[in-house]
Structure formats: structure tokens, C-alpha cells
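All remarks here apply to the structure that follows.
Worth knowing before you read on, the calculation uses all heavy atoms, side chains too, and leaves out hydrogens, waters and symmetry mates. Remember, predicted model here, so these are calculated numbers, not experimental data. Here is how names work: the chains are called A, B, and so on, in the same order as the sequence lines, proteins then strands, and each is numbered from 1.
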Amino acid sequence: MASGKKKALVWVVVIIVAFVVGIFFAPLIRERAYKIKEWIVKPPILAPRTKIVKLYFALPQGEYLTAQQRKIFLPRSTNEENKEMKIVLEELIKGPKKNKSKDLSLTIPPETKIRAVYTRDGTIYVDFSSSLKEKHPGGATGELLTIYSIVNTLLDNFPSYSRVQILIKGEPQATLAGHIDIRHPLSRNSDIISAHPPQSDQEVRG
Amino acid sequence: MKKIGLVLVLVLFAQASQAYQNYSIGKIDVHSQSSRTQIILKLSQGTGYVVKDLLNPPRILLNLYPANLTPPKREVKIGDKFVKQVRLERDSRNVVKVVVDLAKDKCVYDVFLLKDPYRLVIDIRKPEEDIIAGLLKRGTEEGKQLPHPSSVLPHPKKAGIQRIILDPGHGGKDPGAIGPSGLKEKDVTLAIAKGLSALLKRNLGVEVFLTREDDEFVSLDRRIEIANQLEGDIFVSIHANASWNYVAKGTETFFNSRYIYGEGAREVAIRENSVAEAEKIPEGAKDILLDLIQNQYRNESNKLAHLVQRELCHSCGLIDRGVKSARFYVLRGAKMPAILVEVGFISNPWEEKKLRKNNFQLLIAKGIYQGLAKYIESFNKK
């Protein structure tokens, strides 16, 4: 009888423990179940999104920029425009594809990082690391190329925006290297785009 | 139990830090002095800002991002020599608009962000008068006797071009562009400016002031301030160019325009001609008149740029890249015809070699001098 009572008590304790554990773990199990359902419903692998973008690089004499087309891969999770802009700029920083157009040069110090990109009222704000300023070779020509390769690349690939504000470490700058005023947002500059880029199928007209 | 406690503490901490991260603007301090007014906004985080100055009534407009303000509107009455009041308003999500209403329109201001703790400082002062005294003192050190500032200024209202401001680019901690073998732009620009100054004084008898006479750092704002306070008739900024590819070479001259580049330069010329024709506008159209004053400078700057570019290329023999326009910081604020000469490419090894030579620097000075002389001649004929 005593052992029967003991057994009953053990069972009661087991049930209570199971109940409490159940309360704690039920959400976890439910979440797992949802995930399983997602795996079943969604196709397992989606091809990464690709986009053909126009990137502006400098012609040798530095008087003009010309566009190079490039296919870029966007991670599937990237559906935000800001992230897409960041990827396009990172591609611009990588510089021109050498084998395809040996004469074009990059326009941004390769060490430069994009800290953030945000948009507001038709303006794209790009926040660069300090390398954009510190590693810049200087010269009004060098500065114009840097500024407008950034501005034109962004505005051509994201045509719903009309202006670009360059920031460094979150702050607007007077100039990059002492010449061109970049305190305010800048619009697209079509005069700096070459009307006669070197002809090859990799280049497109600006 | 201990673990749960730890988790709770972590959660609370995360929330507290999140609340702290809302970029709120705290206390506003005002320091009123007889020579300046400082407005200090305490911030919980660093913020980006865009500054604009506006007229009628004179005020400074700042947009802070990211920033927050609770309650969404705040006003601080100051009413001192420089500032009437400061108004803050939440503009939209994470953007706060700050308006500083100025008591008078002839003010100079600086805006800068300080760290530890984060604070944004708006510093408003009257244009420094001692700059002129300093420059004139330097003039006497050169051996030339100059009268007391008060008798030199205001600017003699004689017709013609009397006073030329030369601006040797960069200097001090800012070397400018550096050539492949180490030549510094700041040294080249200063040497050319000194040579040019001597030529102008000797041959044309005009007053010449340099925005810097030594290897010292002078901010772009201060260069403009110097030029405008001296009420110069012409502003010439001297630079050496650089680009991303070492093959880039040649001479180019820029003037300021919101239209950019070669095509734009042509556009400006066309537009300005049409404005000149529109000079018989009815009375009362003050806005248009103000535009005309601006355009007057731009038209003259364009003309000056073409003359200097032509003579300079002729004298030094480098490739002519032409006259271009862009938004140059140092030219934008100048209240006189203003150009910026990029004499040659210091990033090009061959041109760097030339730019290093005293003879070549003198050739450049001569070229710019001849351009200026032609311009002055045509101006005085008018």
C-alpha cells in the first residue's frame, strides 16, 4: 500500500515536471514545426538575383568618365534598395575589369569602405570610411572623377533618385582634397561622361 | 536562478542602451561673448549635419541626421549681439531641423561636432578684422612701406583693377597632391604665386596680396574671407593637378559654376549673354538684379579664365586642356571675378620634373601674368 502511494506520488511529480517542461518547450517545438513547413512549401534553393549595372571609370587623360557594364550577384536576402546600392558601390571601388578595358582607371581609393547608405526625399546619402579622403591622390581632376563616378553610378542605376550626398564617417565634408564643394547633395553630371568611349562590347555609352 | 537573473539584467541593459541610442538632443548651452556667440547642442550620439545659410531674414539652417527631439519643438531666446534665437523642430523620422536666427547678416559661422561627450557647436562671430592688419604687417616686412589699415581701407573706389588676390593652393599640414618622386603641390603653388606677385607689382603697379606667404595651413573659408575683406578685384587660386592615371597631363583653368565642366562652361557663356540682354528689366525686379550681380562675376571669371588659359599654355607649352567650370569651394564665396589655375599634373612624372624647376615655375608665372595683364587692359578700356 505504502509502495502504491509512493508510486502514485512519483507519477504525479513526473506529470507536473512534464507539464512545466512542456510549457517551456512548446514554443520551440512549434517554431521548429513552422520551419519544417517552410522547407516543404518553399523551393529549397533560389538562384541568386543578378543585376546588370553601369559603373563609371576614368579615361586615361582624366577628362572624362565612361561606363562599364557588369553583371553583379545580389544575395537572395537582399531586397532592400540601400543594400543594393552598397553592393553597387563596392563593385565600383573594385575598379574596372582590366582585361576587358586596359585603359580605364579606378576613381576611388581601393581601401575605401562603405559605412552606410540611406535615402531620403530623392537623395541618396552615402557614408564612406575616411580612406576616401585620406588616400585620395588630390588634384581637381582626380576629385571631379571620384565625385562624379560615385554620383553618376548611383543615379544611373537607381533612376528614381536625383541627388547624392557624400559623407565621410557620417559627416558632410567641405571638399575631398581641397577643391570641389561637396557640402550639399550633387546631381548627375552628364558633361563629364565621354561622348566617344573606347568602342568594345563591354562599354556602353553614358 | 542565477542564470535567469543574468538574462533579466541583460534584457534590461539592452533596452536601456536602446533607449540611449535614440540620438536625442539634450540641453542647449549658449555662450554669449562680445566677439562671438557659441550655441552648444548636447547629443547622446554623433550625428550628421548639413548647413545652409539663408537671407531675409538672415539665418543659419542645419539639418541633423540621425537625431531626435522630445518634445518635437523647442525654442531658445538669446537676443545678444549675434543671435536672436534658436529654433529646433523635429522634421521627420530621425531628422531635426535647427534654425539660428541671426541679429545681423554680416556674420561668419562655423559648425563642428565634438566628442566625449558628443556635442554640436555652432560658433557665430563677426568677420575677423585682424586678418587685414596681419596681411599689411607682412607687407611691411617685405620692405614695402604700407600705410595704416584704416587709410588703406575701404578699398579705393577708383575705376579699374587695383588689387589682386593670389591664392597659393594648400600649405602646412595639407601638402596637396604629391608627385611620383615626392614633389609637393604646396611648394610649387607658393613658388609660382611669389613669382607672379613680383611680376604684377613690378610691371602693372597693382597691389597684390597672397592668402599665405609661407608653408602654413590656411583653411578654404579663411582664404575666401581674406579675399572678400580686402575687396580684391581679381582672385587667382594656383594649384597643380593630379589624377588617377599618371599619363594625364596638361594645363587647365577653372571658374566656378553650378554648371559643371566643358559643355557647361559653354552653356554658361550662352546663358550669360542672354542675361546681359535682359538688362532692361522693369524696376522692382530685385531678385533678378541680384542674379545679375552674381552672373556679372561669372561672366568676368569666364573671360578671365580663357585669357589666362591661352597665355599660360602659350608660355609654358603644356597641353591645353581648356577652360572648365565646376563648383569650387574656394571660388564659390569670392565676391570678385575668380579663377583657379591647374598649371600642370604633378602626378605625371614628366610634368612633375618640369614643375620642380625654378625656370619652369617662372614661365608659368609669366603666362598667368600675361593673361591677367590682357584682362586688366581690356577691363580698363571699358
I need the residue from B:Val330, B:Val247, B:Leu220 with the largest number of non-hydrogen atom pairs under 4.5 Å to chain A.
B:Val247
Greatest number of heavy atom pairs closer than 4.5 Å to chain A - which of B:Ile319, B:Leu340, B:Val95
B:Val95
Do side-chain atoms of [X] reach the backbone of [Y] as a donor and acceptor pair under 3.5 angstrom?
| X | Y | result |
| --- | --- | --- |
| B:Arg321 | A:Gln61 | yes |
| B:Trp244 | A:Gly142 | yes |
| B:Glu342 | A:Gly139 | no |

Please report the C-alpha distance between B:Arg327 and A:Asp181 in whole Å, then the side-chain angles of each, then the deciding distance to 0.1 Å, and finally whether the salt bridge (Lys or Arg N to Asp or Glu O under 4.0 Å) criterion is met.
CA-CA 6 Å; B:Arg327 276 175 192 254; A:Asp181 189 345; 5.8 Å; no
With chain B as the partner, which of [options] has the greatest number of non-hydrogen pairs under 4.5 Å?
| options | value |
| --- | --- |
| A:Ala58, A:Gly138, A:Ser190 | A:Gly138 |
| A:Glu171, A:Gln165, A:His136 | A:Glu171 |
| A:Gly178, A:Ala140, A:Gly170 | A:Ala140 |

By a 4.5 Å heavy-atom criterion (distance strictly below it), what part of B:Phe345 contacts chain A: side chain, backbone, both, or neither?
side chain
Distance alone, cut at 3.5 Å: any donor-acceptor contact between the side chains of B:Glu252 and A:Thr141?
yes
Tell me, side chain or backbone of [X] under 4.5 Å from chain B's heavy atoms, or both, or neither?
| X | result |
| --- | --- |
| A:Ile108 | backbone |
| A:Leu167 | neither |
| A:Ala174 | both |
| A:Ile182 | neither |
| A:Glu143 | neither |

What one should report as the nearest heavy-atom pair of B:Ser243 and A:Leu145 is OG-CD1, 3.4 Å
Can you tell if the side chain of B:Tyr246 reaches within under 4.5 Å of the side chain of A:Pro137, non-hydrogen atoms only?
no
Close side-chain approach of B:Phe254 and A:His179, heavy atoms under 4.5 Å:
no
Return yes when atom [atom1] of [X] has more than 12 non-hydrogen atoms of other residues, nucleotides or ligands closer than 6.0 Å, and no otherwise.
| X | atom1 | value |
| --- | --- | --- |
| A:Phe25 | CZ | no |
| B:Lys97 | NZ | no |
| A:Lys51 | NZ | yes |

When rounded to the nearest 0.5 Å, the distance separating CG of B:Asn245 from CG of A:Leu106 is 9.5 Å
For A:Ser162, the side chain to side chain contact (heavy atoms under 4.5 Å, CB included) test, sequence neighbours excluded, returns none
